[in-house]
Amino acid sequence: MPSKKQPQLPKTGKAKEYSFFQDVYDVVRQIPKGRVTSYGAIAAYLGTKLSARMVGWAMNGAHKVKPKVPAQRVVNRNGMLSGKAHFETPTHMEELLKKDGVAVKNDTVVDFEKRFWDPAVELG
DNA sequence: GCATTGACGAAGG
DNA sequence: CCCTTCGCCAATG
């Protein structure tokens with residue numbers, strides 16, 4: 001499980017994965033099926049709420065990590081599928097969400113607030 | 001080694 | 001209410 005806080009980010013070339021990245025992946029993998037969360041929520045849970053962009057950047061490598069990361073369950077604060085363009089196909093993300101039972105309308109999660117899953121609350 | 005760029009988000013105009 | 005700016009920090013040019 002995430003250390004909750006991992007300010008120490010090793011330099012490039014040493015570790016294949018940064019702790020921060022691993023924590024992000026770990027949290028994302030714990031998102032229940034049919035639920036979604038936001039980059040900011042994950043960042044806040046990790047203690048770096050001011051660095052939501054880093055979560056997004058971490059997700060950039062999510063597609064290559066071994067245990068697949070359900071990156072489709074992570075959207076921006078507006079519930080919009082801001083990262084759909086980064087998937088294999090522009091429609092892959094919403095298709096995965098639909099398989100999870102999450103309705104997607106106009107690149108946005110329907111009833112986002114109801115589907116919202118806050119790691120800071122659910123994970124403690 | 002400085003400048004630019006983000007799968008973000010909050011604040012200001 | 002829409003648009004712009006700023007902050008955050010790693011990666012890339």
Side-chain angles (χ1 to χ4, degrees):
Chain A
M1 45 244 341
S3 322
K4 212 140 186 207
K5 220 169 193 184
Q6 203 80 31
Q8 175 61 48
L9 266 56
K11 310 171 200 70
T12 62
K14 288 296 183 181
K16 296 185 182 301
E17 320 286 339
Y18 298 137
S19 302
F20 178 77
F21 282 41
Q22 290 181 5
D23 285 350
V24 172
Y25 301 149
D26 195 18
V27 172
V28 174
R29 288 195 198 98
Q30 294 178 64
I31 301 174
K33 179 182 177 182
R35 307 292 293 280
V36 294
T37 192
S38 66
Y39 302 93
I42 296 173
Y45 173 69
L46 295 178
T48 57
K49 64 177 182 180
L50 298 179
S51 307
R53 308 181 99 158
M54 293 301 92
V55 177
W57 187 251
M59 300 308 293
N60 206 325
H63 69 92
K64 76 173 191 177
V65 296
K66 185 174 44 183
K68 214 161 74 178
V69 176
Q72 73 278 8
R73 294 173 186 165
V74 184
V75 295
N76 67 3
R77 66 130 186 143
N78 196 36
M80 192 173 92
L81 280 56
S82 48
K84 69 167 196 167
H86 290 259
F87 282 74
E88 303 172 45
T89 65
T91 57
H92 192 201
M93 186 172 184
E94 56 183 89
E95 282 186 27
L96 288 172
L97 283 171
K98 286 179 182 178
K99 284 205 313 183
D100 280 353
V102 177
V104 177
K105 183 81 172 184
N106 193 19
D107 296 338
T108 305
V109 175
V110 179
D111 294 328
F112 174 62
E113 292 190 23
K114 295 168 79 171
R115 300 283 188 177
F116 186 73
W117 181 85
D118 191 344
V121 174
E122 304 295 337
L123 300 181

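Per chain, numbering begins at 1; letters A, B, ... match sequence-line order.
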> Does the side chain of Met80(A) reach to within under 4.5 Å of the side chain of Val75(A), using non-hydrogen atoms?
Replying inline: no
> Between atom CG in Leu46(A) and atom P in dC8(B), what is the gap in whole Å?
Replying inline: 16 Å
> What nucleic acid atoms does Ala71(A) come within less than 4.0 Å of, heavy atoms only: base, sugar-phosphate, or nothing?
Replying inline: base
>> For a quick test of reading the model, state the closest non-hydrogen atom pair linking Arg115(A) to Arg35(A) and the distance between them.
In response: O-NE, 3.2 Å
> Are any non-hydrogen side-chain atoms of Phe20(A) and Ser51(A) less than 4.5 angstrom apart?
Replying inline: no
>> I need the residues from residues 75-100 of chain A with at least one non-hydrogen atom less than 4.0 Å from DNA chain B; give them sorted by number, or say none.
In response: Asn76(A), Arg77(A), Ser82(A), Gly83(A), His86(A), Phe87(A)
>> So which atom in Lys98(A) and which in Val104(A) form the shortest heavy-atom distance, rounded to 0.1 Å?
In response: CE-O, 4.3 Å
> Do Trp117(A) and Pro119(A) have side-chain heavy atoms sitting under 4.5 Å apart?
Replying inline: yes
> Roughly, in whole Å, what's the span from OH in Tyr39(A) to C1' in dA10(B)?
Replying inline: 17 Å
> How far does the P atom of dC2(C) sit from the matching atom of dA7(B), given to the nearest Å?
Replying inline: 23 Å
> NZ of Lys49(A) versus C1' of dG7(C): gap in Å, rounded?
Replying inline: 13 Å
> Which whole number of Å gives the distance between the P atom of dG1(B) and that of dC8(C)?
Replying inline: 23 Å
> Looking only at N and O atoms, is any donor in the side chain of Arg53(A) or the base of dG7(C) less than 3.5 Å from an acceptor on the other one?
Replying inline: yes
> Tell me: CZ of Phe21(A) to C1' of dA10(C), nearest whole Å?
Replying inline: 7 Å
> What's the CZ-C1' distance between Phe112(A) and dC8(B), to the nearest Å?
Replying inline: 12 Å
>> In whole Å, I'd like the distance from the CE atom of Met54(A) to the P atom of dG9(B).
In response: 13 Å
> What is the minimum heavy-atom distance between Lys33(A) and Lys99(A), and which atoms define it?
Replying inline: CE-O, 3.6 Å
>> Using the side-chain heavy atoms of Trp57(A), tell me which of these nucleotides is nearest: dA11(C), dG9(B), dC8(C).
In response: dA11(C)
> To the nearest angstrom, how far is Gln22(A) atom CD from dA10(C) atom P?
Replying inline: 15 Å
>> Tell me the interatomic distance from Phe20(A), atom CZ, to dA10(C), atom P, rounded to whole angstroms.
In response: 9 Å
>> Let's go through Val74(A) and Ile31(A) carefully: what are the C-alpha distance in whole Å and the side-chain angles of both, what is the deciding distance for side chain to side chain contact (heavy atoms under 4.5 Å, CB included) to 0.1 Å, and is it a yes or a no?
In response: CA-CA 9 Å; Val74(A) 184; Ile31(A) 301 174; 4.0 Å; yes
